[in-house]
Protein chains: 2
Amino acid sequence: MNPHAGSPGPTQPAGAGRAEANPARVTRADVAALAGVSTAVVSYTLNDGPKNVAPATRARVLEAVRTLGYRPNATARALRLGSTGQVGLVVATVGNPYFGELTDQVEHAAGARGLALLVRTGGDVAEAIERLAARQVDGMLIARPMDARGAAAANASGVPVVLINAATAPEGVASVGVDRYGGARVAVTHLIEHGHERVAFIGDTAGNRQRGWADALAAAGLAEGPLASQSYSREGGYRAARQLLTEPERPTAVFVASDEQAVGALLAFHEAGVAVPEEIAMVAFDGSAASAYTWPPLSAVTQPMEQMVQRALDLLTSAAPEQPVPVELLVPDLVRRRSCGC
Amino acid sequence: MNPHAGSPGPTQPAGAGRAEANPARVTRADVAALAGVSTAVVSYTLNDGPKNVAPATRARVLEAVRTLGYRPNATARALRLGSTGQVGLVVATVGNPYFGELTDQVEHAAGARGLALLVRTGGDVAEAIERLAARQVDGMLIARPMDARGAAAANASGVPVVLINAATAPEGVASVGVDRYGGARVAVTHLIEHGHERVAFIGDTAGNRQRGWADALAAAGLAEGPLASQSYSREGGYRAARQLLTEPERPTAVFVASDEQAVGALLAFHEAGVAVPEEIAMVAFDGSAASAYTWPPLSAVTQPMEQMVQRALDLLTSAAPEQPVPVELLVPDLVRRRSCGC
DNA sequence: CTGAAAGCGCTTACAG
DNA sequence: CTGAAAGCGCTTACAG
C-alpha cells in the first residue's frame, strides 16, 4: 500500500483490496520500494533520463511498474515542471460543423505533439481565456472574434495565445488565418467565368470577403450585385437568400461567405422553387465537410485547415515568442462541385 | 519578485519587469508578503474557508491579490486536493454535428459545475481512456461504442466512467442513453399512420432501432420493408438509399437510424429525382440541429440530449458509486417537420 | 550508475 | 482570528 497514506486528501476508502485495483493511488514510492531502488531511479527509467540506468535496474523498475499498474501522476509532474502539457481551445460552438472539424484537427495535431486539449465553448471570450489561463494551459488557440476585452485578457494571461482564422487580429496577438480577400476574388471570378453578370453577396459588410467580391466584379467591369447581410448561421443564410429573392432584378449567382449560410440559403431557394445552379449559381467560403453533402453539392473556397492548425500550434509552442507578433495568411483553394454550374 | 525563485523550473526570463506582467509567476507567498499575513490566510480568504478571516485582513488580502494580478495555480491545488476539476469526453469526432452538439452541451453543463472539459477524438477508445486517466481527470464521459478493450481500460482506470448514448453498455460500466427501441416504434408507427405499407429501414441490423421498426410493422400487420445496412455516416446513408432505389418494389417510406445517414439519403433521392416526402417519406433518428436545415426539413425522433448530459454528469460526480451500476434510458420525442409528409 | 533531499504552489489539521 | 509546518507526487541538481 501507499506508505504516504497520511492526513491530507480524501479519507481512504473503507474496503481493503489489492493496490493494483486503483492505479491512481499507486505512487512512484510504491514502485521504488517494490523494485528496491530510489524514487529518482524510477523517474530516470520512466523518463529516459536525465541519468542513465543500468539495464538490470531498469528491468526491475519496469517490472514493478507493470505489476502495480503504476501510472505517473500528470498533475504532480505538471506542478514540478511548470508545464501542464495542455492547450486550450476557445470556440463559440462545436455544434457548427466548421468548428467541429477545426476542433478535430486541433485535437489531432495537439495529440501528436503530446498535448491534451481543453475546450471552452460559448460564453464570453475574455472569461474563457481567464478560465483556461487559471488551468495553467501551456497555450491557447482562439477561434472566435476577439473584442478589446478578449485581447486584454489574452495579453494579461501570461499564456501564449494564437488567434485562428480571425477576421482581424487585435494588437499584439499572434494570428494565423486565411486570405479571405483573395479567396473571395477567386470565387467571384469563377462565377464571372461562368458568364454571370449579376453576382450577389451573402455575408457581412465591410469584411475582406465583401471587398474581394466587390473588387472581382470591378475588375471585370461589372456592377456590384445586391448584398444581403445577416448572421453567420443557417438561419442567417436563409433570411439573406429570401431577401435576395425579393430583388427587382434577381441575381443569377451568389457568393456566400460561409458554408453554414450557404446551407440556409439553399433551403430558401428550394422552398421558393429556384433551381441551383440553373437559376442561381452559388459558391461558398469555408468548404467544411458539410458542403459536400448538400443538394446540389456546394462549390467552395476551401480553407487549408490542417495547415492552419499546424502553423498555429507551431506558433504556440515555439520557444521564443517572436517579435513582431506574427500574423500569417494562408491561401485557400477553390473546390468545384455542382452549385457553381461546373 | 517571487522569493522561491530557486533551482527547478525553466530559467527565469532575462528581462526584469513588474511582477504584475505575468500573473502565472505570482504565488500566494507573494500575496501573503504584500498583505502582511501568512499563506494560510490567503487560502482562507480565497476559498472562503475552512477558517474565518477578519474583515480587515480579508480586505488587505484581496487588495494584494488585485494589485499583483494573482491567479491561484490550479495544478498545485489539484495535486493537493487529489482532484483536478477536469472531466474527459471521449468522442469519435466532433465534426459530426450530432457529436458537436453533444460536446457543446457537455462543456456547458460541466462548466456550470465548475469542471473543465478535456476532449479526446479519434484513435482508439482504450487509448483515449488511458490518456485521460493519466491526466487525472475526475471522471469521463464516453460517447463512442465500446469494445472489450475499452471496457477493460475503463474499469482499470480507477476513474468514474459513464457511457453516453451507447447502444449497449459493457458489464460494469454505467450508462445513460436513449430508448432506441421505443423511439423507433414511434417513428415507424407515425409513418404507418400516414398510410404507408412498405416502410424500409436504413441502419444497422440487430440493433434496437431495427427491432423497433420490425415490431411496429408487425403490430400493424405489415410485412417488413427492405433493410439497407451501411455505416453511420452521410456516405453510408447515401449508399443505403441508392440500394433501396434498386428494390423491385420500391418502399414508400423509410425510417433512418441517424440524421447523418438521412442527409446522405436525401442527397441520393434528390439525385435520382425521387421526391421526399411525396414518393418516399422519411423519419430519422437523432434530431440534431442539422435535421432542421435539410430539404425538406427532416422529421426526427429527437434525443433529449440536455437531460442525457445532465444525468450523465450526475452519475459521474455522485459521491458514492452506485451498485448495481446504473443503466438509464430516456424517452425521445417525435418532432414532425416535412420529410414524413406532415 | 544510484540516492537523499529540496522544492513546484497549494490546503488544512493542529496549535496558539 | 492567525500562523508554522507537513505533505500531495513528481523531477533533478548535487553528491557519492
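When reading the values below, keep in mind they use all heavy atoms of this one structure, side chains included, and skip hydrogens, waters and symmetry mates. Since this is a predicted model, take the numbers as computed values, not measurements. Residue numbers begin at 1 in each chain, while the letters A, B, ... track the order of the sequences.
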In whole Å, I'd like the distance from the [atom1] atom of [X] to the [atom2] atom of [N].
| X | N | atom1 | atom2 | answer |
| --- | --- | --- | --- | --- |
| Asp48(B) | dT11(C) | CG | P | 12 Å |
| Arg77(A) | dG7(C) | CZ | C1' | 16 Å |
| Leu46(A) | dT11(D) | CG | P | 8 Å |
| Arg71(A) | dG9(D) | CZ | P | 13 Å |
| Asn52(A) | dT12(D) | CG | P | 15 Å |
| Arg28(B) | dG7(C) | CZ | C1' | 11 Å |
| Arg60(B) | dT2(D) | CZ | C1' | 11 Å |
| Asn47(A) | dC1(C) | CG | P | 17 Å |

Residues Glu63(B) and Arg60(B) bridged, charged N to O under 4.0 Å:
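Between Arg60(B) and Glu63(B) there is no salt bridge, as every charged N stays at least 4.0 Å from the carboxylate O atoms.
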What I want to find out is whether Asp124(A) reaches Arg131(A) closely enough, with some N-O distance under 4.0 Å, to be called a salt bridge.
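Answer for the salt bridge query: no.
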Which pair of non-hydrogen atoms, one from Tyr70(B) and one from Arg28(B), has the smallest distance, and what is that distance?
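The answer is CE1-N, 3.5 Å.
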Looking only at non-hydrogen atoms, find the nearest pair between Asp138(A) and Pro160(A) and report the distance.
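That would be O-CD, 3.4 Å.
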May I ask which nucleotide in the shown strands pairs with dA13(C), Watson-Crick or G-U wobble, both distances under 3.5 Å?
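Pair assignment: dA13(C) / none.
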In Watson-Crick or G-U wobble terms, both distances under 3.5 Å, what is the partner of dA4(D)?
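Because no pair has both required distances under 3.5 Å, dA4(D) counts as unpaired.
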Any [X] side-chain nitrogen or oxygen under 4.0 Å from OP1 or OP2 of [N]:
| X | N | result |
| --- | --- | --- |
| Thr39(B) | dG9(C) | no |
| Thr27(A) | dG9(D) | no |
| Asn73(B) | dC8(C) | no |

Thr57(A) near the nucleic acid: base, sugar-phosphate alone, or nothing, with a heavy-atom cut-off under 4.0 Å?
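Result for Thr57(A) = sugar-phosphate.
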Looking at every strand, decide which applies to Ala40(B) at a 4.0 Å heavy-atom threshold: base, sugar-phosphate, or nothing.
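It contacts base atoms.
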Expressed in whole Å, how much space separates the P atoms belonging to dC10(C) and dC14(C)?
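One P to the other, the span is 24 Å.
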Rounded to whole angstrom, note down the C1' distance from dT12(D) over to dG16(D).
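Straight-line distance between the two C1' atoms is 16 Å.
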Between atom CG of Leu79(B) and atom CZ of Arg77(B), what is the distance when rounded to the nearest 0.5 Å?
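Those atoms lie 12.5 Å apart.
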Among dT11(D), dC10(C), dT2(D), find the nucleotide with the atom closest to the side chain of Ala54(B).
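Output: dT2(D).
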Nearest to the side chain of Arg80(B), heavy atoms from C-beta on, is which of dT11(D), dT2(C), dC10(C)?
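Of all the options, the side chain of Arg80(B) is nearest to dC10(C).
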Go through Thr121(B) and Thr93(B) one step at a time and tell me if the side chain to side chain contact (heavy atoms under 4.5 Å, CB included) criterion holds.
CA-CA 5 Å; Thr121(B) 64; Thr93(B) 163; 5.5 Å; no
Quick one: on DNA chain C, does Lys51(B) or Pro72(B) contact a more 5' nucleotide (nearest heavy atom)?
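The residue whose closest nucleotide sits nearer the 5' end is Pro72(B).
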Most 5' of Leu79(B) and Val41(B) on DNA chain D, judged by nearest nucleotide:
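It is Val41(B) whose nearest nucleotide is closer to the 5' end.
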Measure distances between side-chain N and O atoms of Tyr44(A) and base N and O atoms of dG3(C), and say whether any donor-acceptor pair falls under 3.5 Å.
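Answer yes: a donor N or O sits under 3.5 Å from an acceptor.
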